[in-house]
Protein chains: 2
Amino acid sequence: MLRRLIPVFNPKSIAVIGASRRKGRIGRELLHNLIEYEYQGKLYPVNPYAEEVHSIPAYPSILDVPDEVDLAVIIVPAEKTLEIVKNCGKKGVKGIIMITAGFKETGEKGAKLERDLNRILKKYGISMIGPNCMGVINTNEKVSMNATFAPTQPLRGRISFMSQSGALGAAILDHADNIKVGFAKFVSLGNKTDVSGNDLLMAWEDDPDTDIILMYIESFGNPRNFVRIARKVTAKKPIIALKSGRTEAGAAAAASHTGALAGLDVATDALFEQCGVLRVSSIEELFDIAIAFSNQPLPKGNRIAVLTNAGGPAIMTVDALVGAGLELAKLGDRTRWKLEDILPEEASTKNPVDMVAAAGPREYEHAMKAILADRRVDAMITIFVPPIVTKEIEIAQAIAKTAKKYKKPVLSCFLGRTEDSPGFVHLTEHGIPSYIFPESAVKSLSSMVKYRTYLEREKGRPRTFKVDRKVPKRIFRKVAKEKRTWLAELEAFDVLKSYGFSTVRTEVTDNLEDAKKLAKKIGYPVVIKACGEGIIHKTEIGAVVLDIENEKDLVSSFKKMVSNVKKAGHTPDCILVQEMVTEGKEVILGMKYDNHYGPILMFGTGGIYVEYLKDVAFRVAPLTDVDASRMVKSIKAYPILEGVRGEPPSDVDSLIESVLRLSQMAVEFEEIGQMDINPIKLFEKGAGYKIVDVRIAIREC
Amino acid sequence: MLRRLIPVFNPKSIAVIGASRRKGRIGRELLHNLIEYEYQGKLYPVNPYAEEVHSIPAYPSILDVPDEVDLAVIIVPAEKTLEIVKNCGKKGVKGIIMITAGFKETGEKGAKLERDLNRILKKYGISMIGPNCMGVINTNEKVSMNATFAPTQPLRGRISFMSQSGALGAAILDHADNIKVGFAKFVSLGNKTDVSGNDLLMAWEDDPDTDIILMYIESFGNPRNFVRIARKVTAKKPIIALKSGRTEAGAAAAASHTGALAGLDVATDALFEQCGVLRVSSIEELFDIAIAFSNQPLPKGNRIAVLTNAGGPAIMTVDALVGAGLELAKLGDRTRWKLEDILPEEASTKNPVDMVAAAGPREYEHAMKAILADRRVDAMITIFVPPIVTKEIEIAQAIAKTAKKYKKPVLSCFLGRTEDSPGFVHLTEHGIPSYIFPESAVKSLSSMVKYRTYLEREKGRPRTFKVDRKVPKRIFRKVAKEKRTWLAELEAFDVLKSYGFSTVRTEVTDNLEDAKKLAKKIGYPVVIKACGEGIIHKTEIGAVVLDIENEKDLVSSFKKMVSNVKKAGHTPDCILVQEMVTEGKEVILGMKYDNHYGPILMFGTGGIYVEYLKDVAFRVAPLTDVDASRMVKSIKAYPILEGVRGEPPSDVDSLIESVLRLSQMAVEFEEIGQMDINPIKLFEKGAGYKIVDVRIAIREC
C-alpha cells in the first residue's frame with residue numbers, strides 16, 4: 001500500500017465533518033453506512049449544531065475531538081471547505097475524503113477554490129480523495145469501512161474498483177450486489193485533485209486483498225505515467241478498464257492521413273494494448289469478465305471444450321468461441337472412449353460434447369472429469385438447459401464439485417435462467433463463474449486467454465539511435481519563427497535524414513537547365529515536383545510528374561507542370577528533382593501529437609488510398625522494439641510484406657527500425673504536430689527502404 | 001393465416017396421443033400445460049392403458065374419440081408413429097404436432113421412418129409440426145393453447161417466435177418470462193419434415209396477433225424461398241433472426257479468392273441484408289430489440305436525444321450511439337431555452353441533457369416534453385441512476401406518462417437496477433422498453449433505424465440481359481466430359497464474352513513466330529501467358545510476362561517464360577498474347593456456389609492482395625439492380641471509384657451492369673462452382689471496363 005494512502009484506506013479513527021441528523025441527507029447516510037457496515041475504528045461526527053448524531057457524541061469542530069483523527073470525511077458546503085481542511089491540518093489529520101461538490105466541475109470560480117484547497121493539502125501533507133466524489137470503501141475485516149453515501153452495503157470480495165463517475169459508481173455497487181459480486185476496495189475518484197487513478201493503481205499493485213483491478217475512467221490525468229504504472233501492475237494482476245468518451249476525440253479535423261485516421265479513440269486502445277490492460281465496452285462486460293478472473297485460474301492456452309445437454313446452445317457457443325479467436329479443443333481418443341462409456345448412444349462425444357437432454361448430475365460429473373483430464377483442453381464451458389425432469393441444483397452441485405478438482409478454468413452457462421435461480425446461486429457461491437448466455441462466458445474466457453498471452457509475451461526494451469538533433473531543432477525553430485505550420489519538402493527530408501531515415505535522392509532547383517543537369521546526375525527515370533506556399537495536394541493540381549524517362553520528356557513535363565501550378569493560382573518556389581523508385585511495397589508511417597496522449601504513431605498499408613482501406617495500426621510513443629515489431633505485424637496486409645504468391649519477403653527489420661526512429665523523434669521533438677511518411681517503398685529483405693514523400697507540420701507548444 | 005396451418009394454431013379440439021398419468025413425463029406435462037393455460041376447445045387424452053388422464057376421460061385410440069378432432073399432439077415411441085398417424089388420417093385429423101424424437105436426427109433408420117411418415121401425411125393432407133419438437137403455443141384468447149411441455153406458461157404478447165432448437169426454445173420461454181415479455185405464437189420447429197420456417201413466415205405475414213417475428217434457426221430449408229417470402233413479410237412487419245452455425249461453413253478449403261473470402265458466414269449476412277431481416281448474435285440482443293419494436297413506434301430518422309441525471313452513463317450512451325452510426329440530435333435554441341427554465345444552473349442543456357442528480361419526476365417530465373417536441377429529435381433515451389433521495393417509481397411514472405404523448409420512440413435505462421425493481425416494472429408494464437445498461441437501449445434503437453431505412457429504400461427489380469447461352473453450355477459440358485475442374489483461359493474468356501462482358505483482347509498461339517504477328521496485330525505493349533494443365537499460379541512460377549514493349553522484348557520474354565514453365569515441371573499447351581491495360585482501377589468480381597445458398601457473388605477492391613485487404617461485399621444471387629448498386633457502393637474503397645484526390649470518377653454504371661450479368665450467369669448456369677474475375681480494370685465514366693484475367697471452375701451437380 002502506498003504509504004500516503006494508508007490514512008484513507010486503513011484509518012484508526014474517522015471524523016465525519018458535516019454529519020447530519022436528517023434522513024436522506026448525504027451527511028446522515030454516509031455516517032449511517034459507516035455504522036451499518038460496522039467500521040472497526042472510532043467515529044467522531046462533527047456538527048456545530050448537534051450534541052450527538054445517530055447516537056454518537058458529536059463535536060462542534062474537528063479541533064474539539066479529544067483524540068487523534070486519521071481520516072476526515074467532509075460533507076459541508078464548498079465555501080467552508082478551505083477553513084475546515086486547514087483545521088484538519090492543524091489537528092494532524094492525514095487523510096481526507098472530500099464528498100463536497102462545487103469545485104472545478106462548476107467553472108472558474110470553483111477551479112480557483114480547488115487550487116486553493118490543493119495548496120492547503122500540500123502544506124499539511126494530507127492525502128485527499130475527491131472532491132465531488134461518492135466516497136471510499138475498504139471491506140477488509142480489520143477495517144470494514146463503508147465511507148460512501150451509496151444505498152448499497154457491498155459484499156466482501158477480491159476485486160478493487162475505481163470510478164471517475166460517482167453516479168456510475170453507485171449504479172455499479174447496485175449491480176454488483178444484484179449479481180453477488182464483492183469488493184476489496186472501492187473508490188469514487190471525483191475531480192482527482194490530489195489522489196489520482198495512477199496513485200490507486202500503485203496502491204493496489206501490492207495490496208494483498210486485491211486480486212483484480214476494475215476501473216471506469218473518462219480521462220487520463222497523465223497517460224504516460226499510466227502506461228508505466230499499468231505495465232508494472234498488469235505483470236502482477238489484471239486491470240479491466242471501461243473507458244468512456246470514445247467519440248470525443250473524433251471531432252477535431254485533421255490535415256494528414258494519420259490525423260484523419262487517428263480520430264476514433266485509437267490512442268486509448270493502443271495505450272491499453274501496450275500495457276496489457278483489458279478494455280471492455282460496457283458495465284455488463286466489466287463484471288462478466290471480473291467474476292471469471294476472480295474465481296478461476298488462468299487457462300494455459302486457447303483450446304476450449306464445450307459440454308452441453310442441448311445442441312442449439314452449443315452451436316451458439318462455438319460460433320462465439322471461433323468469433324473470439326479461441327479454438328475448439330480436439331479431444332483425444334481416450335477421452336472420447338471414456339465419454340462413450342458414460343453417455344447414451346445419441347450423445348456426441350466430439351467437442352462440443354452433447355450429452356442430450358437426459359443427462360443428469362452423474363453424466364455431468366463424469367464427462368467433466370474425462371474432458372478436464374485431457375491435456376488437449378485448456379478450459380471448459382458447461383452449458384445446461386433445464387429440461388422438465390432434472391433438478392438444476394443437482395447439476396450445479398456436480399459442476400462445482402468436479403471443477404474444483406482440476407486446475408483449469410470452468411465457466412458455466414445455465415441458459416435463460418435468472419441470477420436468482422437455485423442452480424445459478426449454488427454455482428456463484430461455489431466459485432464457478434455463471435452466465436445466463438453463452439456469449440458472456442466466451443467473452444470472459446477470451447479475456448483470460450488474452451491476459452495470459454500478454455503475461456507471456458516479451459516486453460522488449462526501448463531503443464535509442466544516435467541522431468543529429470541540431471538539424472531538426474534549427475528547422476522547427478525557423479518554421480515557427482516564420483509562423484508556418486508545414487515544413488517545406490526539403491526541410492522535411494532534412495529532418496528525416498538527420499534521424500537516420502533513408503530517403504529517395506532529392507535535388508532542388510528553380511530552372512529547367514539546372515533540372516536537366518540534376519536529372520542526369522540522379523539518373524533517369526526521375527520525378528519532378530513543384531513546391532511552394534499553398535501547393536499541398538500536388539496530385540490534384542498536376543504539380544507532380546512521375547516516371548520521366550529522358551531529357552525530352554523532362555523539358556515538356558517541366559513546362560506543363562509549371563503552367564498547371566500557375567493555373568491553380570500558385571507560383572512555385574522551387575522544383576524538386578527526385579529519383580523515381582518503381583520497385584517496393586508501399587507502406588505509410590505517420591505520427592500525430594494528441595494533446596492528451598502525446599505522440600501517437602501510425603503504421604499501415606500505404607499509397608494514396610490509405611484513408612479508404614484503413615489497414616493501419618496505432619501505438620502511443622515511446623515504443624519498445626517488441627512493441628514496434630508487433631505493431632508492424634498487426635496490420636491485415638502484413639502477410640504481403642512477408643511475401644505471398646511467390647514474391648520474396650520484404651525488409652521488415654528495416655521497417656521496424658524506422659518505426660523506432662520515428663518513436664524516438666516524436667518523443668524528443670514534441671513540437672511535431674503531425675507527420676505523414678507516405679509512401680515508404682519497402683524493398684526485399686536486406687535491401688532496406690526508401691521514403692518517397694513526407695509531410696511534417698509543427699504545433700504550438 | 002395459411003389455410004393448412006389453421007388446424008395447428010386454431011384447433012377446436014385436440015387429441016393428446018400418448019397422454020400420461022405420470023408426473024414428469026412429457027405426455028403428462030403437455031396435457032397439464034393445455035389445461036393449466038385454459039385451452040378454449042375440447043381435449044381428448046388418448047392412452048390405451050388409462051380410463052382418464054388428469055381427470056379427463058381418455059380413449060384407447062384416436063379412432064375411439066366420439067367427436068371430430070382438429071389437431072393431434074403425438075407423444076409415443078417413434079416406431080408407433082406411422083400407425084397412429086394413419087389412424088389420425090382416417091379420423092380426419094388435419095393437424096399434427098409430433099413431439100416424438102428418433103427420426104432423421106438419429107441416423108439413416110430414423111430418416112427412413114421420417115420419409116414414410118411424410119408419405120402418410122401427404123396422403124391424408126395433414127399438416128405436421130416436428131417431429132422431434134417441443135410443441136406449439138397460440139396465446140390468442142379464443143384459443144389459449146399451450147401445447148408444449150416447457151415448464152413456463154407464457155405471457156400474452158404480440159411477438160411470434162419460431163425455434164429450430166427445442167432446448168433453446170424452452171430456455172427462451174424461461175427468459176421471456178423473467179423479463180415479462182409475452183408471445184402471440186410460439187413454434188418449436190423440430191426436424192421440419194412438413195411445416196417449415198418459411199411456411200410459418202407466410203402464416204404470420206398477415207396474422208393480426210403478430211406484430212414482430214423472431215426466429216432462431218440453425219439452417220435454411222430453402223434459402224431462395226426464404227428470400228422471396230422474407231422480402232414480402234419484412235415489408236409489413238420486422239423479422240429478427242438469430243442464426244447460429246456461423247463457423248461451420250468456414251471449414252471448406254477453397255481455391256479461389258472468392259471461395260477463400262466467402263467462408264465466414266457471409267452468405268447469411270448477405271441474405272438477411274437483401275431481404276431486410278435484422279440479424280442478432282445472441283438471445284439477449286434478440287429480446288432487447290424485440291421489446292423495443294413491440295412497444296414503440298419506429299423513429300423517423302437517426303437523430304437521438306439523451307436525457308440523464310448523471311454524466312458518466314450519458315457519455316457511455318453517446319459512445320454507443322456514435323459507434324452504432326446514430327446521430328446525437330442537435331437541440332434547437334427554443335428547446336434549450338425551455339430546458340434552462342426548468343433545470344438548475346449546473347445542468348447541461350446540450351444533448352446529452354444532464355439534469356444532474358437533483359432531478360425529480362417534474363424535471364424528467366418537463367425536459368422530456370421540451371425535447372420530444374423538438375423536430376430535430378427522432379427518438380430519445382432516458383437514463384436514470386437512482387440517487388439516495390428520489391423515488392425511482394415516481395421517475396418511472398413521469399417517463400411513462402410523458403412518452404405516451406408523443407409519437408417518437410422513448411427507451412429507458414435505469415442503470416444498474418434489476419428487472420424486478422419497482423421503476424423498471426412500472427416502465428415495462430406501461431410499454432416503455434427498459435434496459436439495465438445503455439448499450440442495450442442503443443442497440444435496439446439502431447435496429448429500429450435500420451429497419452426504417454430498409455422500409456424506405458427502393459427494392460429495385462431483377463434485370464436480365466440478352467446473352468448467348470449456347471457457348472457456355474457447350475464449354476461446361478466439354479470440361480465436365482474431360483473430367484476437368486478448371487476451364488482453360490480461352491474457354492473462360494469465351495464464357496464471359498457470351499454473357500456480354502468486356503474483356504481484354506486475347507489471342508492464342510503455340511509458337512513464337514505467330515506470337516510476334518499477334519502482338520503486332522494487337523499493338524504493343526502486350527502481355528504473354530503460358531497456359532496448360534497444372535499451370536495455375538502463374539505469377540509464382542514466372543508463367544506470365546507483363547508490359548512487353550516491342551518485338552525484341554517479346555522474343556526474349558517468350559523464351560524465358562517457356563523455360564520457367566518447364567523448370568516448374570510443366571509443359572505449356574499454348575501461349576496467350578493479350579493487350580496490356582495500364583490504366584484503370586482494379587476491382588474483383590467473383591462467385592462461389594454454396595451447396596446451401598446457391599450462387600454467392602463477391603465484389604471488392606481487386607488485385608493480387610484482395611485476400612489480405614478483405615475489402616469485399618457479398619450477396620446471394622439473383623440480385624436486383626438496386627441490390628447490385630448497393631453492393632458496389634458498400635465497400636470501404638468505394639469513394640476511390642467515385643474519384644478522390646482530383647481523379648475523375650470511374651465507370652461505376654458499367655460495373656453495376658457487370659455484377660448483374662454475373663448474377664444472371666450464376667443463376668442460369670448452376671454448374672459454375674467458383675469464379676474469380678480479377679482484376680477488372682475500370683476506366684473513367686463512360687469508358688467502361690476490361691477484364692484482364694478470369695478463372696472459372698465447374699462443380700458436380
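Every chain is numbered from 1 and lettered A, B, ... according to where its sequence line falls, protein lines coming before strand lines.
- Most heavy-atom pairs under 4.5 Å with chain B, from the set A:L168, A:L173, A:D174: that is A:D174.
- Taking both residues in full, the closest heavy atoms of B:I315 and A:E218 are given as CD1-CD, 3.5 Å, listed atom of the first, atom of the second, then distance.
- Of all heavy-atom pairs between B:D319 and A:K243, the closest is OD2-O, 4.3 Å.
- Chain A forms the most heavy-atom pairs under 4.5 Å with one residue out of B:A637, B:A310, B:P313, and that residue is B:P313.
- For chain A, no part of B:I541 is nearby; none of its heavy atoms comes within less than 4.5 Å.
- With contacts defined as side-chain heavy-atom distances shorter than 4.5 Å, the pair B:K614/A:K636 qualifies.
- Shown here for B:E439 and A:S281, the closest heavy-atom pair between the two residues is OE2-O, 3.3 Å.
- Distance check, rounded to the nearest 0.5 Å: CD1 of A:I179 to OG1 of B:T418 gives 12.0 Å.
- If you measure heavy-atom distances from A:D615 to chain B, the contacts under 4.5 Å come from the side chain alone.
- Between atom CE of residue A:M316 and atom CD1 of residue B:I283 there is a gap of 4.5 Å, rounded to the nearest 0.5 Å.
- Of the listed residues B:L242, B:V385, B:L321, the one with more heavy-atom pairs under 4.5 angstrom with chain A than any other is B:V385.
- Neither the backbone nor the side chain of A:I172 comes within contact range of chain B, judged by heavy atoms closer than 4.5 Å.
- Here the straight-line distance linking atom CG of B:N178 with atom CD1 of A:I436 works out to 7.5 Å at 0.5 Å rounding.
- Remark: A:K443 NZ is loosely packed, at most 12 non-hydrogen atoms of other residues, nucleotides or ligands lying under 6.0 Å away.
- With a 4.5 angstrom heavy-atom cutoff, B:Y216 touches chain A only via side-chain atoms.
- The candidate with the highest count of non-hydrogen atom pairs below 4.5 Å against chain A, out of B:S163, B:A176, B:S440, B:G312, is B:G312.
- Qualifying ring pair (Phe, Tyr, Trp, His ring centres under 6.0 Å) partners for B:H175, counting only residues two or more places apart in sequence or in other chains: A:F437, B:F287.
- Between chain B and the residues A:E284, A:E346, A:E345, the largest count of heavy-atom pairs under 4.5 Å involves A:E284.
- Of all the heavy atoms in A:L415 and B:A171, the pair that sits closest is CD2-CB, 3.4 Å.
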